[in-house]
Each structure stands twice: as C-alpha cells, then as structure tokens.
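I have placed the structure first, in the form of structure tokens, so that the comments after it can refer back to it.
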Amino acid sequence: MSIRAESGVPTEVTAPGRFDLEAIPYERLGRPITGPRAITGSWRRFCYLTVNIAIVNWKLRFFGSSLGYLWQLIRPLLLFLVLYVFFTKVAHVGNPADPSEQFYGAQLLSAIVLFTFFSEATMNSVRSVVDGEVMVRKIQFPRLVIPLSCVLLALFNLCLNMIVVLIFALIAGVRPMLTWLELPLVIGLLVVLATGLAMLLSALFVYLRDIQPIWEVLLQVTFYASGIMIPIDEVQLHLSPSLLRLYMMNPLATIFQQFKHVFITHATPSAGALLGSAKWLVIPVGITFVIFVLGLYVFNRIAPKVAEDL
C-alpha cells in the first residue's frame, strides 16, 4: 500500500507486523549477529555432544576395516620394535645391570604410547573446525566440542593401548607398586596439555593454514626432545645440572619421566629429583596450565565468528 507524504511524494508502507530492513539505516541495525560461543547451554548437553561426536568418529575410523582397532595399535608397536632393536642391539642401550635401565623396553613402549596420544590429539584437532565447516555453518552448538571430541577420541585409544603396556610391563618383570595411584594425575596432566594445544591449534588454523605443517615439524622435534628413547641416566651424563633442569622444564619430558618413575621402576629418578627439587615442578606444570588457559581464551574469542571466517 502507499500513502501521500506531506511533500506529496508517495511512500511505501509495509503491512502491519512486518518490517522493511532496507528502510532502516545501517547504523541503526545494531551489532552484527554472532554465532554460539565456545561453551553455551547446559553442561549436560555439552558433555553429551562431545562424547557422541567422539564415538561417531571412532566408529567411522574403523568402518569397513577387518582388523579395526588393531590398526591403531600396530603403529606404536612397530615404532617401538624398530627403536627397541636399534637401541638395544646396535647402540647397546638398556643395560640390565643398570637398575634404571633394567626395564628399558617397558619404559620405551610406555613413552611411545603416551606420545602417540599427544600427537593424535593435537594433529587431529588442527583441521577439526575447518573440516566441520558444514556442521559449523548450519547447526547451533557449543564450538568447543569439536576439538574436545578429537582429544577424547585419542583418549579412547590411549586407554586401550595402556592395557597392552600393562601386559608388556608385567611380562618384563614390573610389579605393581603403591605409586600407581599417581598415574591418573600424570595422565591427567598430559590430557590438559593436549587439550590446551588442541584448542589453540584448531583456532589458529582457521586463519593461518600453515599451522598444520608447522606443527608436524614441531611434533618431530618434540619426539626427540622429550626423553622417549634415551634413558635419563644417559642424558645426565652429557648435560650439566643447569641444562638438565632446563631440559626437564619441557612438560612432556616431565610427564614421561614421572610416568616411568611411578609405573615402571623407582630406580629411574622422578621428575622432581631431576629438577633438583619438587618445587621446580611448578614450572612445567605451570606451563601446561598456561597453554590450556591460552587455548581456551583464543578459541572462545574466535568461536562466535568462526562460521563467517571459514
């Protein structure tokens, strides 16, 4: 319909109850509509989505495979076999006469399994938000469930692989100890570190696609710099106390060494002993939680607008 304005020029008028957005000045439209944040809604829904996405991805990963989960186990076992043969037969590492190297095979396998979890959780998270573009654009849900489901999927694999580590350790002669009660704390610290990096990397990859190859290189460096292959007594022989302390400030080196101490044998020193005092553990633990907080902050900042920026 139209009415005649005071100037005599017909003016369009919309039907009652309807709005003509084109007639509203741009500056009066208000702030742009943003998408859901990293954490929205109830915690129950948040946990439900995270767990179910991880379960679906678990099923899809092994769909149509005759061996299924065994493929997930073969990779760390093959890596362990190659490194174990080389270091014991060629480099003569793992001297049974040395108490700290008596269970070298169990120490090596446990560290490889822990690093496999860390690598899988972070690498799968890098592209997780971008790969879920269709879901992100069309469904309203807390965005944080995407990288967290990748970490949870890797945690599923870690729990199953730890059964193999336990069986291997018992066969090698490792006996249950009271310090096994510390294992949830050690593994929990590794999960916190992996989760923080998963959030940070997945958020940065939306805007910087070079993050993936950069992180692949850093993972390789981290593998050789975290005390996975070389017994700690060999490291102590070649590093001064100050350099050894700096080496142990790497959160992964601290986690792997403490795991060996509480799970395999007390003959290998604890992370606190290598740092010089238990109070120095504040630094690697603090770095872990700083990475977690930073990852959560960055991911929460980009979450509302990630659908527009993909």
### Task
Locate the shortest heavy-atom distance separating H261 from H266; write the atom from each residue and the value.
O-CD2, 3.0 Å
### Under 3.5 Å: donor-acceptor pair, side chain of N57, backbone of L153
no
### Message
If I compare all heavy atoms of C150 with all of N124, which pair ends up nearest, and what's the gap?
### Response
SG-O, 3.6 Å
### Residue pairs involving residues 163-205 (criterion ring pair (Phe, Tyr, Trp, His ring centres under 6.0 Å); sequence neighbours excluded)
F80-F168, W180-F263
### Task
Could you state whether V282 and I287 fall into the same hydrophobic cluster, counting links through intermediate Ile, Leu, Val, Met, Phe, Trp or Tyr residues with side-chain heavy atoms under 4.5 angstrom apart?
no
### Task
Would you check if L83 and I112 make a side-chain contact, meaning some heavy-atom pair closer than 4.5 Å?
yes
### Query
Can you name the residues that form a side-chain hydrogen bond (donor to acceptor under 3.5 Å, both in side chains) with Y48, not counting sequence neighbours?
none
### Query
Can you tell me if CH2 on W280 sees more than 12 non-hydrogen neighbours from other groups inside 6.0 Å?
no
## Note on the structure
Nearest heavy-atom contact between S125 and P147 is OG-O, 3.7 Å
### Task
Treating Ile, Leu, Val, Met, Phe, Trp and Tyr as nodes and any side-chain heavy-atom pair under 4.5 angstrom as an edge, say whether L193 and V290 lie in one connected cluster.
no
### Message
Through direct or indirect side-chain contacts below 4.5 angstrom among Ile, Leu, Val, Met, Phe, Trp and Tyr, which residues connect to L178?
### Response
L181
### Task
Would you sort out whether Y297 and M199 count as a side-chain contact (heavy atoms from CB on, under 4.5 Å), showing the intermediate values?
CA-CA 9 Å; Y297 173 79; M199 294 186 292; over 6 Å; no
### Chi angles and distances behind the side-chain contact (heavy atoms from CB on, under 4.5 Å) call for S128, I146
CA-CA 6 Å; S128 59; I146 299 178; 3.6 Å; yes
### For F259, the option from L189, I187, V113 that meets side-chain contact (heavy atoms from CB on, under 4.5 Å)
I187
#### Entry: Selection residues 193-208 - residue pairs positive for salt bridge (Lys or Arg N to Asp or Glu O under 4.0 Å), sequence neighbours left out
none
### Task
Apply side-chain contact (heavy atoms from CB on, under 4.5 Å) to the pair F117 and N157, showing each step before the final yes or no.
CA-CA 7 Å; F117 158 77; N157 294 327; over 6 Å; no
#### Entry: Pairs involving residues 215-239, ordered by first then second residue, that meet ring pair (Phe, Tyr, Trp, His ring centres under 6.0 Å) (sequence neighbours left out)
F115-F223
### Query
Quick one: do Y84 and I230 end up in the same hydrophobic cluster if we chain Ile, Leu, Val, Met, Phe, Trp and Tyr together by side-chain heavy atoms under 4.5 Å apart?
yes
### Query
About how many Å separate OG of S119 and CZ of R75, when rounded to the nearest 0.5 Å?
6.5 Å
### Query
Can any side-chain N or O of T254 pair as donor or acceptor with the backbone N or O of M248 at less than 3.5 Å?
yes
### Query
Say you draw a straight line from CD1 of I171 to CG of L166; how long is it, rounded to the nearest 0.5 Å?
9.5 Å
### Query
Does V51 belong to the same Ile/Leu/Val/Met/Phe/Trp/Tyr cluster as L60, with side-chain heavy atoms less than 4.5 Å apart forming each link?
no
### Summary
Residues G227 and K260: closest non-hydrogen pair is O-NZ, 2.8 Å
### Message
How close do Q140 and R45 get, counting heavy atoms only, and between which atoms?
### Response
O-NH2, 3.1 Å
### Task
Determine, for F141 and R143, whether the Lys NZ or Arg CZ falls below 6.0 Å from the six-membered ring centre while staying within 45 degrees of the axis.
yes
### Query
L73: what forms a side chain to side chain contact (heavy atoms under 4.5 Å, CB included) with it, not counting sequence neighbours?
Y69, L77, N161, V164
### Task
Decide side-chain contact (heavy atoms from CB on, under 4.5 Å) for L144 and L296; before the verdict, give the C-alpha distance in whole Å, the side-chain angles of both, and the deciding distance to 0.1 Å.
CA-CA 9 Å; L144 190 58; L296 181 59; 4.0 Å; yes
### Query
Roughly how far apart are W58 CH2 and L152 CG, rounded to 0.5 Å?
10.5 Å
#### Entry: Cluster link V130 to I139, ILVMFWY, side chain under 4.5 Å
yes
### Task
Report the distance from atom OH of Y247 to atom OG of S242, rounding to the nearest 0.5 Å.
15.0 Å
### Message
If you compare all heavy atoms of A225 against all heavy atoms of N250, which two are closest, and at what distance to 0.1 Å?
### Response
O-ND2, 3.3 Å
### Summary
Separation between CD (Q258) and OG1 (T268), nearest 0.5 Å, reads 10.0 Å
### Interatomic distance, E216 atom CD to I211 atom CD1 [nearest 0.5 angstrom]
11.5 Å
### Query
Do Q257 side-chain atoms and P269 backbone N/O form a donor-acceptor pair below 3.5 Å?
yes
### Query
D233 versus Q236: any side-chain heavy-atom pair under 4.5 Å?
yes
